[in-house]
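Notes follow once the structure below has been shown.
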Amino acid sequence: MNVYSSEKIRNVVLLGHGGCGKTTLVEAMAYTTGIIKRQGKVEEGNTISDYDKEEQKRLFSINTTVVPVIYEDTKINFLDTPGYFDFVGEVEQAIAAADAAVIVVSAKAGVEVGTLKAWDLCEKHNLPRIFFVTDMDDDNASYREVVERLTELYGKKIAPFHIPIRENEKFVGFVNVVKMAGRRFTTGSNYVECEIPDYCQENLSKFRETLLEAVAETSEELMDKYFSGEEFTQEEISTALRNNVIDGSLVPVMVGSGINAQGTIMLLQAIVKYFPEPSKLKIAGKNVKTGDVFEGDYDESKPFSARVFKTIADPFIGKFSLLKVTSGVLKTDTLLYNADKDTEEKVGRIYVLRGKEQIEVNELRAGDIGALAKLSNTSTGDTLSTKANPVVYDRIQVSVPYTCLRYKAKNKGDEDKISQALAKIMDEDLTIRAVNDTENRQTLLYGIGDQQLDVVVSKLATKYKVEIEVMKPRVPFRETIRKKVRVQGKHKKQSGGHGQYGDVHIEFEPSGDLEKPYIFEEKIFGGAVPKNYFPAVEKGIAECCQKGPLAGYPVVGIKATLVDGSYHPVDSSEMAFKLATYLAFKQGFMQASPVLLEPIVSLKVVVPDKFTGDVMGDLNKRRGRVLGMNPMPGGKQEIVADVPQSELYGYSTDLRSMTGGIGEFSYEFARYEQAPADVQQKVIEENAKEMQAEE
């Protein structure tokens, strides 16, 4: 593959709802530009993008795939992203490397939740965008409904560049609104000029007016020309539209069919014409040596720097770090410096990935996307630069995972293999986290949703040959007491030689401080218990607090005062006093009105206005207390509530079904509160069963 300089590169992310046709569209563009001789199909598992076994099995994209295509003399790096919301981390990593977006909409399904989310992501990251309405070959396709809905949502920004031409219920061509000309398809995307049908005229004049108004608003000179009724030249229109698309004030809507590769040439032309080349964009990092701002700005003449936006860790092909060159030129056999990790990395070969195909290149210039193999200390989000000019760019921001499952190895002895495999999976997807919760004796797997976690379990089995069992996580309850008691603990054992003797009288009462497990004091008179045994008594209490007598949860908020006891000059020992304390603790705790405390989280749910009633009703069923609502931009509300953590299991799935996938939530731990009696009873019974099973 040739080496391309910044002005001949476009980095475009494909966004849209799951199943809207992104992968099919990439396949169509690869076919149109001659990369492949036959168009693959998602259902047949033979597309360039979906090469992963899991993707072929499930028939949807799970990973972001880079597919570079060459159109005329420009290299367009397409980043094909998953549409299902569980894999949002892959989308966020792709957006970090993209300079513009094509939002794909199925004319059959219309504007879906994924379309709205794609728009919000573009707004958040200031990405210029084009809507491509695909599936026009379908009998139920309605371009008009898509355009009307987009206009209703985003107003004057929406500018249809095409109007479809249909004959005998078949999609046969389109009207180019910019050039005011009819186009009839011959083969694939190729076309011949044709007459504009009468039924297109009404929409044509309306859409044309929108375009001309947008052109007029770009300068006073053009505004004067517009009002005096003069025609704009084609060049004036093109230049003005390009500026409008790049600054986001205009979003073109184009039309085609991915499955028949219709409309792909027009889309490729629009990408080259209206989307920015990297050298026109800004990116700044920090020089860690001097502390100064380093403006990389995709300038080839500056020292080399690049940001790793994705990692592929495959047990068969090895590890690849996908990077975007942010300044300078990357050449083979260079020594690079990773300032995030303070390590050096040797560059062997440089690759351009196209799906799973690895194409070797001599160099990568600023603005381009490529891959390096087997970097030992580099992970997603790291910056690579030179030791002479060490640079760090901002880390990639990804969504926080809140859905969690408990897991354990199916086969004993697989624990190490599982943790190594999970480390590789977490390298690839930053929204997956494995947590060892020692306090509750469980290992937890966090993700964005159940589907993503299901894929992780499947990947472990197929790719890494290890199996895990998943189950509902143990909620981190706490145990405490409600009243004051005084108990005696006596440990006395006589055997040949030295016996064991320890005797303690301890008062247990609530300490009022739920942040600390216990407070220990002693009020011993007349040396009933010698001072040198006090630490053993405290140690006994500390150990008992790790696993409470009620249901095996950590104990908090108790005060233990050693008030009396007795000892034997020969048989007493630290161990004997510790064992006596165990007895006192267990007995005293169960007499002092023991209760379970449950964790309460502060939950924030963001939904469109129309769903607030449903969401609040559901939170009430979950024993939640709604504290208030805050209006958000875009007709949304943020609902703030306190909810017991145990009631949030499966919430991501329920919220999606309630809101059609558009609702989002986050939470953080707030405090502990006494659990209701029925909840306590249920938890105690469940834990007793679990302990029996473990024994």
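Reckoned from all heavy atoms, side chains included, excluding hydrogens, waters and symmetry mates.
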Drop me the distance from Gln587's CD to Phe589's CZ, to the nearest 0.5 angstrom.
14.0 Å
Among Arg478, Gln546, Lys547, Glu479, whose side-chain contact (heavy atoms from CB on, under 4.5 Å) with Val555 holds?
Glu479
Does atom OH of Tyr672 have more than 12 heavy-atom neighbours, drawn from other residues, nucleotides or ligands, at distances under 6.0 Å?
yes
Check: Leu562 and Phe534 side chains under 4.5 Å, non-hydrogen atoms
yes
Nearest 0.5 Å please: distance from the CZ atom of Phe477 over to the CG atom of Asn440.
10.0 Å
Does the side chain of Tyr518 pick up a donor-acceptor pair with the side chain of Glu538 at under 3.5 Å?
yes
Using a strict threshold of under 4.0 Å (side-chain N to carboxylate O), is an ion pair present between Lys424 and Glu428?
no
Salt bridge check, Glu507 against Lys523: does any charged N sit closer than 4.0 Å to a carboxylate O?
no
Residues at least two apart in sequence or cross-chain that pass side chain to side chain contact (heavy atoms under 4.5 Å, CB included) with Ile684, listed by chain then number, are Leu550, Ala551, Leu596
What distance do Ile468 atom CD1 and Leu422 atom CG have between them, rounded to the nearest 0.5 Å?
6.5 Å
With a 4.5 Å cut-off on side-chain heavy atoms, are Phe309 and Leu322 touching?
yes
Can you tell whether the side chains of Asp52 and Arg58 come within less than 4.0 Å, N to carboxylate O?
no
Find out whether Val640 and Val626 are in side-chain contact, i.e. whether some heavy atom of one side chain is under 4.5 Å from a heavy atom of the other.
no
Does a side-chain N-to-carboxylate-O contact under 4.0 Å join Arg671 and Glu673?
yes
Find the distance between SG (Cys122) and NZ (Lys124) and round it off to the nearest 0.5 Å.
12.0 Å
Pairwise distance OH(Tyr501) to NE2(His568) - rounded to 0.5 angstrom:
8.5 Å
Within the structure provided, determine whether Val475 and Pro599 are in side-chain contact (heavy-atom separation under 4.5 Å).
yes
On a heavy-atom basis, which atom in Leu430 and which in Asp427 lie closest, and how many Å separate them?
CD2-O, 4.5 Å
Check: Tyr667 and Ser602 side chains under 4.5 Å, non-hydrogen atoms
no
Electrostatic pair Asp382:Arg395 at N-O distance under 4.0 angstrom:
yes
Donor-acceptor pair, Glu638 side chain versus Lys604 backbone, under 3.5 Å?
no
Is a donor on one side and an acceptor on the other found under 3.5 Å between the side chain of Asn287 and the backbone of Val293?
no
Answer yes or no for Arg656 and Tyr651: cation-pi contact, defined as NZ/CZ to six-membered ring centre under 6.0 Å and angle to ring axis within 45°.
no
Taking Glu509 first and then Arg486, would you say they form a salt bridge - that is, a charged N and a carboxylate O separated by under 4.0 Å?
no
Decide whether a cation-pi geometry holds between Lys484 and Phe508; the criteria are a distance under 6.0 Å from NZ or CZ to the six-membered ring centre and an angle within 45° of the ring axis.
no
Quick one: CE on Met632 to CD1 on Ile639, what's the gap to the nearest 0.5 Å?
11.0 Å
Using a strict cut-off of less than 4.0 Å between a Lys/Arg side-chain nitrogen and an Asp/Glu carboxylate oxygen, indicate whether Glu598 and Arg623 qualify as a salt bridge.
yes
For Ser593 and Ile481, indicate whether the former's side chain and the latter's backbone hold a donor-acceptor pair under 3.5 Å.
no
Taking the six-membered ring for Trp, are Tyr84 and Phe60 ring centroids under 6.0 Å apart?
yes
Do you know which of Leu445, Leu453, Leu460 makes side-chain contact (heavy atoms from CB on, under 4.5 Å) with Tyr407?
Leu445
Does the pair Glu54/Lys459 count as a salt bridge with the N-to-O cut at 4.0 Å?
no
Taking atom types as modelled and ignoring hydrogens, do the side chains of Gln452 and Asp86 form a donor-acceptor contact shorter than 3.5 angstrom?
no
Validation row: Val607, Glu664 side chains within 4.5 angstrom (heavy atoms)
no
Would you sort out whether Lys408 and Glu467 count as a salt bridge (Lys or Arg N to Asp or Glu O under 4.0 Å), showing the intermediate values?
CA-CA 9 Å; Lys408 59 182 184 188; Glu467 290 188 66; over 6 Å; no
Salt-bridge criterion met for Asp618 and Arg622 (N-O under 4.0 Å):
yes
Test item: side-chain donor near acceptor, Asn338 and Thr378, under 3.5 Å
yes
Carboxylate-amine/guanidinium contact Lys636 Asp120, below 4.0 Å:
yes
Polar contact flag, side-chain donor to acceptor under 3.5 angstrom, Tyr402-Ser652:
no
